[in-house]
Amino acid sequence: MRKFDVLIIGAGSIGVPAAYYLAKKGLSVGVIEKLPSEGRGQNRAAIGGIRATHSDPAKIKICQLTIGLMNSFEKEHDIDIDWISGGYLFPVYDEVLENKLKKLLVTQKKFNLNIDWIDAGKVKELVPGINPENLRGGTFSPEDGSASPLKMTGAYLKLAKEQKAEFFFNEEVKGFRIENNKIIEVETNKDKYSADIIINAAGGDAKEIGLLSNLDIPVNPDCHEAGITEPVKPFFKPMVVDIRSDENSANYYFYQNKEGQVVFCITPKPSILGKDTDNTSVFLPLVVKRILNLYPRLRNLRIRRTWRGLYPMTPDGFPIVGWTKEVSNMFLAVGMCGQGFMLGPGLGQIISEIIVDKSDKYNFILDQLTLYREFAGIELLK
Ligand SMILES: Cc1cc2nc3c(=O)[nH]c(=O)nc-3n(C[C@H](O)[C@H](O)[C@H](O)COP(=O)(O)OP(=O)(O)OC[C@H]3O[C@@H](n4cnc5c(N)ncnc54)[C@H](O)[C@@H]3O)c2cc1C
């Protein structure tokens with residue numbers, strides 16, 4: 001039986017960076033992944049947005065760390081991850097939304113976020129050709145940005161392996177042997193492992209992993225589709241997020257990546273619960289109508305492909321992070337909703353400080369994101 005200090009279930013947006021930061025601090029780390037390679041779960045469905053401009057202290061802190069790591073990543077590791085610090089723009093066309101976002105600015109500024117209200121003229125400069133009719137301005141956070149989910153997870157895999165983390169692909173966790181409230185053996189379809197600490201980073205399957213140890217983890221995925229165009233010369237930089245709703249969809253967002261392709265996705269209304277990742281014929285007409293209304297300049301771009309993935313959702317839209325009371329050596333890093341890619345690097349670093357350095361400076365995150373909260377509120381910018 002193989003023995004590790006830490007065994008991570010899932011080599012996705014969360015598991016791979018966590019493996020790197022833990023191994024870098026000297027722990028022996030094993031990662032079990034049922035798919036053939038890293039990032040092939042929901043990580044590859046993400047369109048690449050990374051922002052610290054959330055509405056709550058825990059996610060703000062985690063993503064501020066991620067952005068700090070992204071700013072120095074390519075220089076430090078000499079690996080291209082397509083990081084662009086192009087900012088996030090929430091354009092505003094009505095008074096109600098203007099008031100709502102301006103109110104949120106007060107909270108966001110309290111957490112030292114670099115975000116401000118900009119007037120319509122500045123919005124037009126940032127996104128030349130954006131629909132000017134009734135445009136009132138928007139909020140803009142210049143330090144947010146985007147990167148390639150596949151490149152980033154591939155980069156973290158390389159770094160983790162250099163730190164001697166071991167990855168077991170095509171291998172599925174099937175059960176635990178538990179004694180005295182502690183997992184003493186992890187069984188897969190191929191082997192058996194033991195570890196001092198087990199991290200559940202199983203994304204859309206977090207609930208099933210919980211059930212193997214009789215834990216009820218409220219992560220229920222819903223389905224989201226995305227698409228990508230042909231590449232063209234860069235003509236706008238920020239991630240544009242339209243948080244208005246219509247009868248069939250809630251927010252949608254899009255940006256131009258480093259290759260020049262416009263990448264976009266939309267939140268369907270009502271939510272489509274479940275794990276079906278077959279893409280549909282409904283998505284393109286829905287998203288294209290709304291995007292072209294906001295940004296008619298995109299009308300001649302050809303769409304190359306679409307795909308469908310899952311948001312591993314929790315009832316309140318916030319992740320679940322921390323130790324469980326029922327199983328003493330189980331740490332949860334699940335329920336990342338629509339933001340697991342941007343949370344991954346920062347959270348990986350934080351997890352390594354909690355586990356290895358026994359740091360208590362992130363207790364406020366563990367308190368806020370505990371499994372044992374009420375799940376009563378709802379994240380404003382989920
Ligand atoms: C269309 C779309 C757009 C998105 N855009 C963004 C974005 O712009 N920015 C952003 O931050 N997020 C975005 N997301 C959300 C993001 O993709 C997810 O939040 C994130 O990938 C979740 O990370 P994870 O590590 O929890 O899960 P995953 O990346 O899915 O990793 C979990 C891994 O666990 C493995 N696993 C599960 N069960 C087992 C088992 N029993 N044994 C072994 N392995 C197992 C799975 O195979 C999987 O590889 C988007 C999602 C979608 C669908």
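Both counts, for ligands and for their atoms, begin at 1 and track the order of listing.
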- prompt: Quick check: does Glu172 get an N/O under 3.5 Å from an N/O on ligand 1?
  reply: no
message: Show the atoms of ligand 1 that are less than 4.0 angstrom away from any heavy atom in Glu171.
response: 43 (C)
query: Which ligand 1 atoms, with their elements, are less than 4.0 angstrom from a heavy-atom of Gly48?
result: 7 (C), 8 (O)
field: Derivation and outcome, salt bridge (Lys or Arg N to Asp or Glu O under 4.0 Å), residues Glu259 and Arg304
entry: CA-CA 13 Å; Glu259 313 273 327; Arg304 275 204 169 156; over 6 Å; no
query: Can a salt bridge be assigned to the pair Asp367 and Arg373 using a cut-off of 4.0 Å between side-chain N and carboxylate O?
result: no
task: Output the list of atoms in ligand 1 that are nearer than 4.0 Å to some heavy atom of Asn43, sorted by atom number.
output: 21 (O), 29 (O)
- prompt: Can an N or O of Pro312 be found at a distance shorter than 3.5 Å from an N or O of ligand 1?
  reply: no
task: Indicate yes or no: does an N/O atom of Gln42 lie under 3.5 Å from an N/O atom of ligand 1?
output: yes
message: Contact between Met336 and Leu347 at the side-chain level, heavy atoms closer than 4.5 Å - yes or no?
response: yes
field: Backbone or side-chain N or O of Arg40 under 3.5 Å from ligand 1 N or O
entry: no
field: atom 3 (C) of ligand 1: nearest protein contact (heavy atom, Å)
entry: Ala45 O, 3.5 Å
- request: Please confirm whether Ser13 comes within less than 3.5 Å of ligand 1 when only nitrogen or oxygen atoms on both sides are compared.
  value: yes
message: Out of the candidates Arg2, Glu185, Glu171, Glu187, only one should pair with Tyr193 under the side-chain hydrogen bond (donor to acceptor under 3.5 Å, both in side chains) rule; please name it.
response: Glu171
query: Under 4.5 Å between side-chain heavy atoms, hopping through other hydrophobics if needed: is there a path connecting Leu126 to Ile291?
result: yes
- prompt: Between Asp216 and Lys207, is the closest basic N to carboxylate O distance under 4.0 Å?
  reply: yes
- request: Run down the list Pro149, Ala46, Ala202, Gly15 and name the one with the heavy atom closest to atom 6 (C) of ligand 1.
  value: Ala46
Heavy-atom nearest neighbour of atom 31 (O) of ligand 1 within options Gly338, Cys265, Gly12, Cys223: Gly12
- prompt: Only one of Lys122, Gln108, Lys109 forms a side-chain hydrogen bond (donor to acceptor under 3.5 Å, both in side chains) with Asp116, so which one is it?
  reply: Lys109
- prompt: Mind checking whether Gly340 has an N or O less than 3.5 Å away from an N or O of ligand 1?
  reply: yes
- prompt: What do you reckon, does His224 have a nitrogen or oxygen under 3.5 Å from a nitrogen or oxygen of ligand 1?
  reply: no
Result of checking Tyr20, Tyr156, Trp83 against Phe73 for ring-ring contact (aromatic ring centres under 6.0 Å, His included): Tyr156
- request: Run down the list Asp205, Asp222, Val173 and name the one with the heavy atom closest to atom 40 (C) of ligand 1.
  value: Val173
message: Closer than 4.0 Å to some heavy atom of Gly49 - which atoms of ligand 1 meet that?
response: 7 (C), 8 (O), 9 (N), 10 (C), 11 (O)
query: When you look for heavy atoms under 4.0 Å from ligand 1, do you find them on the side chain of Cys337, its backbone, both, or neither?
result: backbone
- prompt: Side chains of Asp242 and Tyr252: do they bring a donor and an acceptor to under 3.5 Å?
  reply: yes
query: For atom 5 (N) of ligand 1, what is the nearest protein heavy atom, given as residue, atom name and distance?
result: Ile47 N, 3.1 Å
Enumerated ligand 1 atoms positioned under 4.0 Å from heavy atoms of Met336: 19 (O), 26 (O)
field: Contact atoms of ligand 1, heavy-atom distance to Ala226 under 4.0 Å
entry: 1 (C)
query: Are a donor atom and an acceptor atom from the side chains of Ser213 and Glu326 found within less than 3.5 Å of each other?
result: no
message: Under 4.0 Å from a heavy atom of Ile14: which atoms of ligand 1 are those, numbered in the order shown and with their elements?
response: 24 (P), 25 (O), 26 (O)
- request: Report, in ascending order of atom number, the atoms of ligand 1 lying under 4.0 Å from any heavy atom of Ile209.
  value: 41 (N)
- request: Using distance alone, determine whether Met342 and ligand 1 share an N or O pair under 3.5 Å.
  value: yes
task: Would you mind checking if Asp80 and Lys258 are paired as a salt bridge, meaning a charged N to carboxylate O distance below 4.0 Å?
output: yes
field: Electrostatic pair Glu208-Lys275, nearest N-O below 4.0 angstrom
entry: yes
- request: Flag this pair as yes if the NZ/CZ of Lys190 is under 6.0 angstrom from the six-membered ring centre of Phe168 and inside a 45 degree cone about the axis; otherwise no.
  value: no
